[in-house]
Every structure is written in C-alpha cells, then in structure tokens.
Amino acid sequence: MTGPQSSPPALAWRLRAAMFTRLFAIQGSWNYETMLGNGVGFAAEPALRALPGGRGGTAYRLALARESDYFNAHPYLASVAVGALVRAELDGQPPAQIERFRNAMCGPLGSLGDRLVWAGWLPLTALIALLAYGLGAGALTVVLLFLALYNVGHVGLRAWGIHNGWHGGLHVAAVLGHPVLRQAPLYIGRAVLFLLGAVLPLVIRRVLVSTGELPTVAAAGSPGGITAAIAALVGAAVLGGIFVRLHGRVEGWRAAIVVLAALILYSLAR
Amino acid sequence: MTALDLLAPVLLGALLGLDVVSFPQVMISRPIVAATIAGALAGNVGAGLLAGAVLELMAMETLPVGASRYPEWGSAAVVAGTLAAVRDVPRSGALVVAVFAGIATAWAGGWSMYGLRRLNGGWAERMQPAVEAGSWRAVVGLQLRGLTADLVRAALLTLVALLVWRPIDRWLLSRWSLDLVVSHSILVAVAAAAAASAIWRLGHGATGARWYLLGGLAAGMALVVLQ
C-alpha cells in the first residue's frame, strides 16, 4: 500500500452519475466464471474515460480489462470497490497493487454485505411490512412502506460505498471497520427476532379473518375463528421446531411444498 | 385467460424477475410487493396482498447469496398473485393452490437462473479475448446481453407457469373438499413455521435471542387481543 491518500482528482459529475446508475446493473452478466467481474468493469467504465488518451486509449483499455476480471462481493457493497478501484486507476497506482487490492476486497465486502443486507436489513424491512399488514394496513401502505424503508438502506449503502471508495482509494478498508457497520448486524438481528415474534400472531389472525377480497373466514371473535388462530399458531410452533431440526437437510420452503402437496391431495381424496 | 389477459402478468413477471438479481434489485420482486401488484392488475388487490403476505413468510428463508441456487420469488409471486385474484367466484382452497403454484414456480425459477448464469458464463468465455483487450463494446455488450436474457427468462417462466397452473388451479378447486378455515389455518401455519425457522437460524446465536423472540410474541399476542 502507498501512503495516506491525497485528495481525489476531479471527476465530472455526469461520469459519477453514470457510474452510480450502472451500479444498479452490476449483476447483469453474473456467471460462475467471472461472477461480478464484468459488472465492475461496466460500472467503472464511464470514469475510466478520464484516463490519458480517453476512451480507446492504451491506459483506458488496460484499466478496463483489469477491472472486468473476476470479482465477487455483495452487489451493494461492490460500490466501495468500484469507487476505490476507479480512484486507484486514475491515480496511476501500479497494476499489481490494484490487482492485489481487488482480490483482498472480495471476502470482506461479501461477508459484511451478506450479514448486513441479506440477513439483516431485508428481513427487518420485510417484517415491518408484514407487521403493518398484520395491523390491518392496506395494500398501498404495506407495499410503499416496505419499498421506501428497504431502499433508504439500499440506495444509501450504494451511495455511501461509492463515495467512500472514491475518497479512500486503496485505503478504503479502514472504512469497513466502522463501528456502525460492525455492530449494525447484531442490533438488526435482535430487532428481527422481536419483530418475528410480534408479526406471526398478527399475520395469522389477518389471514384467518375475513378481508372481503377472499371468501369469508370465520370472524376473529367467533369460537371457530379463535380455535383456528390458536391451532395455526401452535401448528406453526411445532412445524417451525421441526424445520429448525431439519436444518442442513431440507429448507423450510421445500418442506412447505411437501406439506401443501399433501394437503391438496388429502382435499382431493376426501 | 386470453392472450391479452396474459400480456400484463407476463410483462410484470419479466420486470420483477429481472429485479431479483440483475437490475435494479430494489426488491419490487419481493412477494409482498410482486403478488400485490399482480393482484391489482388482475382486478383484486386484496387477494394479491394476501397471497403475497403468505409467500413473503415462505421467502424469509431465501438469502440471495452469490453462487448459491435459490428460488426466484419475483416471477413466482406474480403467478401466485394472479391466480389468487383472477377467479370470478372465490372458492375454498384458492389461496392454498395459488401459494403452492407460487412456490413451485419459484423452484423452477431457481433452475432457470442457474441456466442463465451458465449461459452468461459461455458468453463471457467467448468474449474473453475482447474483454482482455479492453474493448468497451465487449464489456457493455456482455452486460446488456445478460440483462436481456434475464428479462426473456422471467417472461417465459411467467408465461409457462400461468399456462400450466391456470387449468390445474381450476381443476383442483372444482374438486376441493376441505373447509376454508382449515385450509387457511394449515397454510398460514406452514408459512409461519418456514419464516420462524429461517429467522431463528439467522439470529439464534445472539445473546438473549429467545427472549427477544418471546418478547415479540407477547407483544404480538397483546396486539391481537387489543384488536
């Protein structure tokens, strides 16, 4: 690594905007060979035009080829790598150093993104939407609440990533050690557990209560409705325990399809 | 369903299938969004939302992590939302069959994404000399080709799933014998179990995990009683 990063070079606003927009399609050609590699090249390409010789120049071609090589990370946090790599290319860092940096960033950006987004933010926001549904919110409210909440985090993370990558350059790794990033998955995980507990009885109730759009189910206050709701909750607890025990051998949705197939067959055979 | 009736859900399935991985991943492909929009297009937004909520619980397990093969819920939720909403006369078992069709489509969608990734890999291999020469046309071309192929994949998946499931749905519901409350109770119990096991596996290592879960459960039960 070189010494502390100096101020970033000037980069036209439209080139930054193009890079940011292209980040949303970074997985467009995802494959098992180069994974995100071509997507990183695709996202970095607008900024590489600022290299000496412009688009088609030798520096541009060498840099684009380098940036389109194998890369794997979480798609949102790949923005950190794109910003840092573009900065390194425009700063004229040695190619071997850029390649080492690319390889070193794959693991941390992948595992942090998976914990923060896929195992944290996504279930959290989905459960908040389901909570709203369970509390009786309408379709528009549920959908807009989920999309707004989720994308505040999603778009914010991409913007944060490219900003910090661009400013940090090859020293951006320090940013990933920020306490917020390290602690957030822990707190989100606890919130997700609490929300799950709150959501299940509410959603079960709403599915069982007449909504007017599907055939009328026994009203919540009727003995039949209460019995069904309690039976569903107990059934969910028992089945959930079985699914947890089966972990590693079968996923919940696969087990669910078997149970539902059995239910359909039973209904036909009766 | 006429060809015109199929056009809207197929186009929606294509767009939402694209959102799952390729572009823009803003999660309009999550079942609670996708099935609701499909229901609205089919003329019954409430039925779509109901199917979406149940499928969302099932989809909690899916972590779209890199190279793993996982169900494709975007196009699948469009199929489930459409099936839940299109019927003229609501019937017992309708939600069960719609959700079942959704999960089956999601499973098939997972395989179609695996095929797409292999296809992308083949294209990347063929274009490798041009990419290594730093050709922007090759880099941008690969990306656009992959995006287009994903759009077509999702459209075909939605079309085939609707063509297959619509008659099956009608046939099954004409012979459905279970009571509505029983059908819905079992369905929502299965979905809740899938969600609970998925979230528990993600978070059970946290200190006091079971207390957070039990605290939430108590809060949820209290809200049910208050409602």
Side-chain angles (χ1 to χ4, degrees), chain A residues 24-25 27-29 31-34 38 41-42 45 61 64-65 68 114 118-119 123 126 129 133 139 143 150-151 189-190 192-194 196-198 200-202 204-205 207-208 211 213-215 217-218 228 231-232 235-236 239-240 243-244 247 251-253 256-257 259-260 263 267-268 270, chain B residues 21-24 26-27 32-33 36 44-47 49 53 56 58 61 63 65 90 100 103 117 120-121 124 131-132 134 136 139 142-143 146-147 175-178 180-181 184-186 188-190 192-194 196-203 206 209 212-213 215-217 219-221 224:
Chain A
F24 288 86
Q27 295 197 114
S29 62
N31 63 78
Y32 295 108
E33 282 74 31
T34 59
N38 196 74
F42 174 72
E45 192 274 334
R61 284 180 162 271
L64 184 59
S68 305
D114 289 347
W118 297 150
Y133 171 77
V143 166
Y150 181 80
N151 286 300
R190 288 174 181 164
V192 163
L193 281 167
F194 182 84
L196 173 74
L200 293 184
L202 287 163
I204 286 173
R205 180 188 175 276
V207 171
L208 292 176
T211 58
E213 294 88 3
L214 277 178
V217 180
L239 271 176
F243 289 173
V244 169
H247 179 49
E251 293 160 283
W253 69 269
I257 206 167
V259 176
L260 294 184
L263 178 68
S267 183
L268 294 181
R270 226 161 67 105
Chain B
V21 170
S22 298
F23 176 80
V26 291
M27 296 300 151
I32 201 155
V33 179
T36 307
N44 192 342
V45 67
L49 177 63
E56 186 65 50
M58 304 265 189
E61 181 142 39
L63 301 182
V65 176
F100 184 81
I103 305 174
R117 289 166 170 194
N120 279 338
V131 172
E132 283 176 352
W136 68 267
V139 171
L142 270 175
Q143 212 68 7
L147 289 164
R175 285 157 181 81
W176 192 268
S177 66
L178 273 177
L180 182 66
V181 178
H184 279 202
S185 300
I186 295 173
V188 75
V190 171
S197 65
I199 298 294
W200 179 251
R201 285 201 296 265
L202 283 178
Y212 285 102
L213 182 62
L217 201 57
M221 298 291 275
V224 167

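Chain letters run A, B, ... following the sequence lines, proteins first and then strands; every chain starts at 1.
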ask   = Would you find a donor on one side and an acceptor on the other, under 3.5 Å apart, between the side chain of A/Asn151 and the backbone of B/Val26?
value = yes

Only pairs of heavy atoms separated by less than 4.5 Å count here; which of [options] has the most with chain B?
options: A/Ala236, A/Ala126, A/Ala65, A/Gly41; value: A/Ala236
options: A/Leu196, A/Val192, A/Leu200, A/Ile204; value: A/Leu196
options: A/Ala198, A/Ala139, A/Ser68; value: A/Ala198

Nearest-0.5 Å distance, [atom1] of residue [X] to [atom2] of residue [Y]:
X: B/Glu56; Y: B/Leu49; atom1: CD; atom2: CG; result: 11.0 Å
X: A/Leu64; Y: A/Phe42; atom1: CG; atom2: CZ; result: 11.5 Å
X: B/Leu213; Y: A/Arg190; atom1: CG; atom2: CZ; result: 14.0 Å
X: A/Gln27; Y: B/Gln143; atom1: CD; atom2: CD; result: 9.5 Å

I want to check something: taking the side chain as every heavy atom from C-beta on, are [X] and [Y] in contact at a cut-off of under 4.5 Å?
X: B/Leu202; Y: B/Leu63; answer: yes
X: B/Val190; Y: B/Met58; answer: yes
X: B/Ile32; Y: A/Val143; answer: no

Tell me which of these, [options], has more heavy-atom pairs under 4.5 Å with chain A than the rest.
options: B/Pro24, B/Ser185, B/Gly203, B/Ser177; value: B/Ser177
options: B/Gly121, B/Ala209, B/Gly134; value: B/Gly134
options: B/Ile186, B/Val33, B/Val224; value: B/Val224
options: B/Gly146, B/Gly216, B/Gly220; value: B/Gly216

query = Side chain, backbone, both or neither: which part of B/Leu142 has a heavy atom under 4.5 Å from chain A?
reply = both

Which portion of B/Ala53 sits near chain A, non-hydrogen atoms under 4.5 angstrom = both

Which answer fits [X], side chain, backbone, both or neither, if we ask what part of it has an atom under 4.5 Å from a heavy atom of chain B?
X: A/Glu251; value: both
X: A/Asp114; value: side chain
X: A/Leu268; value: both
X: A/Tyr32; value: both

task = For residues B/Trp176 and A/Ser267, report the shortest heavy-atom separation together with the two atoms involved.
result = CD2-OG, 3.2 Å

